[in-house]
Amino acid sequence: MDSSLNAARRSRELREVAEERLDVLVVGLGATGAGAALDAASRGLRVAAIDAHDLAFGTSRWSSKLIHGGLRYLAKGQVGVAYESAVERGILLRRTAPHLVSAHPYVLPLTPTVSARQAALVMAGYRLGDGLRAAARTPRRLLPGPSRLGPERAHTLAPVLKQDGLRGALLSWDGRLLDDARLVVAIARTAAAHGARVLTRCRALRLTGHGADVRDELTGEQFTVRAKVVINATGVWAGGLDPRVRLRPSRGTHLVLAPGTLPGLIAGLHLPIPGEANRFALVLPQADGRIHVGLTDEPLDGPVPDVPEVPEEDVRRLLEVLNGVLESPVTREAVAGAYAGLRPLLAADGRTADLSRRHEVLMGDGVVTVVGGKLTTYRRMAEDAVDCAVEHAQLAAGRCRTRRLPLVGAGPHPRGVPARLAERYGSEAAAVRDLVAAHPQEAALGLTRGDLLWSVLHEGALDADDLLDRRTRIGLVRRDRDRALAVARDAMDEAPRL
């Protein structure tokens, strides 16, 4: 079946789901919800997945874009969570999304504030992490091992570091996403290719043991979707649909620095946070030239917002940690944008920074709720949720197939296409090239009107916000967004005529 998502397919499939009884209804189209839709559809079940907003509207687009092996959890004795992370990282690197996930180097600078004992402990942790890689059977050619660097090599990878007192650095490798929102789009499109109905702008008003009452947010029309079992995969909003869920969300803030702010930075940086054990700030060079700096871990009190705001205190704290290692400090004015995501942590006593990232599947009244976890382990979370749904509803379904199921774009890169397109679209790059050639007007960050048209025709974008804030990340910086808005609106107007 075709993997393309667009407005015409949405209209057709909305009519279909209102008329038939499904095996599984998935609510939420972040990574876990899209993963559950793919898992269930690939087992031969009749599936629809809905979201009140868009693909990757919530937590899944606000991550550090790391696909990591859970080293931090290993340091806390959470061996099972760490091993699960390493296994899932290997699956993405080797089989399901090698076009979107690759290894990336990270440097921990050995400044005067990092003692020899602390450096030894960190390197021991890196080596344990490499042991997890081996246990997960991820080949070293895909994920190299750690090493210690002298000052000269450290400065080559990170020339922005303060040289006075620099003893060298610890080098480690981990998985890295080109774009977290694009991963969700690829999962959702692969689910659609297996027959799942993927429907954005459809809000679940109430879940029942046999479906959900739903409102089309584009028209205001309300209807009922009938299903043998419902999977609630709405992340930090899960408690609004399932009162059994107790979450303690935490806010993770990232700063977005404009291209050129940290010139010559090749590797990411791990920066120890003063006064914190096993916590590091991250400096993450992006493919678009921007630099992301994160990550706070602060509890969120009160109602859960659709889009979290970034408090100035988070900006100040991250700049303090960053500037502690730089030759030339980054000023507040150099922060071009910022974003915050909410981690759906399972409620427990203690600081949110110390809470486990394990996931949990809850069953009751015909509704399966999957909560907790993290982006790296989305596939396993989805598998566990679908296993529970199949057992509860006694569905005739095969075993999970998603360990070996490549996502859209995961095939060989076509020859003769620009590297930018190959890195972004994988095996679909040749088809996108033709659209870009016909519509070369630049939007921002090297992306063109042709890229935006592809997202409208094939990736389910329904308005300019979808294009700028999720199919691309232009919208992370307000001035880039303002400059690209007219091109995005033109793409929305033109796409139906193509």
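Just so we're clear, the structure is a prediction, and the values are computed from it rather than from any experiment.
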Parallel, tilted or perpendicular: ring planes of Tyr126 versus His270, cut at 30 and 60 degrees:
tilted
Tell me whether the rings of His53 and Phe57 are parallel (<30°), tilted (30 to 60°) or perpendicular (>60°).
parallel
Step-by-step salt bridge (Lys or Arg N to Asp or Glu O under 4.0 Å) determination, Asp480 to Arg290:
CA-CA 12 Å; Asp480 292 338; Arg290 296 166 172 171; 2.8 Å; yes
Whether over 12 other heavy atoms sit under 6.0 Å from [X] [atom1]:
X      : atom1 : answer
Glu312 : CD    : yes
Glu309 : CD    : no
Arg404 : CZ    : no
Arg479 : CZ    : no
Asp306 : CG    : yes

Please assess Leu170 against Val107 for the test side chain to side chain contact (heavy atoms under 4.5 Å, CB included), listing each intermediate value before the final yes or no.
CA-CA 6 Å; Leu170 305 182; Val107 163; over 6 Å; no
Of all pairs that satisfy ring-ring contact (aromatic ring centres under 6.0 Å, His included), the ones with a partner from residues 316-343, not counting sequence neighbours:
Trp62-Tyr339, His254-Tyr339, His292-Tyr339
Please find the pair of heavy atoms, one from [X] and one from [Y], that lie closest to each other, and give the distance.
X      : Y      : result
Val417 : Ala429 : CG2-CB, 3.9 Å
His413 : Ser427 : CD2-N, 4.3 Å
Leu247 : Val236 : CD1-CA, 3.9 Å
Pro144 : Ala103 : CD-CB, 4.2 Å
Leu467 : Ala491 : CD1-CB, 4.5 Å
Gly294 : Leu318 : C-CD2, 3.7 Å

From [X] atom [atom1] to [Y] atom [atom2], the distance as rounded to the nearest 0.5 Å:
X      : Y      : atom1 : atom2 : answer
His104 : Ser172 : NE2   : OG    : 10.0 Å
Thr96  : Leu405 : OG1   : CG    : 8.5 Å
Leu178 : Leu183 : CG    : CG    : 10.5 Å
Glu152 : Leu166 : CD    : CG    : 12.0 Å
Arg471 : Ser455 : CZ    : OG    : 6.5 Å
Leu66  : Leu282 : CG    : CG    : 6.0 Å

Check against side chain to side chain contact (heavy atoms under 4.5 Å, CB included), Thr369 and Val371:
CA-CA 6 Å; Thr369 295; Val371 288; 3.7 Å; yes
Test: Arg380 cationic atom under 6.0 Å from Tyr378 six-membered ring centre, within 45° of axis:
no
Check whether [X] reaches the backbone of [Y] with its side chain - one donor and one acceptor, N or O, closer than 3.5 Å.
X      : Y      : value
Arg401 : Ser42  : yes
Glu442 : Gly446 : yes
Thr200 : Leu55  : no
Glu383 : Thr402 : no
Thr296 : Glu298 : no
Arg167 : Val114 : yes
Asp451 : Leu447 : no
Arg403 : Arg95  : no
Arg133 : Thr138 : yes
Asn232 : Ala238 : yes

Positive for salt bridge (charged side-chain N to carboxylate O under 4.0 Å, His left out) with Arg470, one of Asp180, Asp54, Asp465
Asp54
Check Arg343, Arg279, Arg251 against Asp297 for a salt bridge (charged side-chain N to carboxylate O under 4.0 Å, His left out) and give me the one that passes.
Arg343
Walk me through it: do Arg379 and Cys400 pass the test side chain to side chain contact (heavy atoms under 4.5 Å, CB included)?
CA-CA 10 Å; Arg379 191 210 62 82; Cys400 176; 3.7 Å; yes
Start with the C-alpha gap between Ile50 and Val26, add the side-chain angles, then the distance that decides, and say whether side chain to side chain contact (heavy atoms under 4.5 Å, CB included) holds.
CA-CA 6 Å; Ile50 63 174; Val26 179; over 6 Å; no
Less than 4.0 Å between a side-chain N and a carboxylate O, is that true for [Y] and [X]?
X      : Y      : result
Arg244 : Asp242 : yes
Lys65  : Asp179 : no
Glu320 : Arg317 : no
Arg203 : Asp51  : no
Asp466 : Arg201 : yes

A side-chain contact here means heavy atoms from C-beta on lying under 4.5 Å apart; do [X] and [Y] qualify?
X      : Y      : value
Leu108 : Leu271 : no
Arg449 : Val436 : no
Pro285 : Leu265 : yes
Arg127 : Pro146 : yes
Arg182 : Tyr425 : yes
Pro344 : Thr234 : no
Val330 : Leu322 : yes
Ser64  : Leu284 : yes

Please report the C-alpha distance between Ser85 and Lys374 in whole Å, then the side-chain angles of each, then the deciding distance to 0.1 Å, and finally whether the side-chain hydrogen bond (donor to acceptor under 3.5 Å, both in side chains) criterion is met.
CA-CA 9 Å; Ser85 296; Lys374 56 192 185 302; 2.5 Å; yes
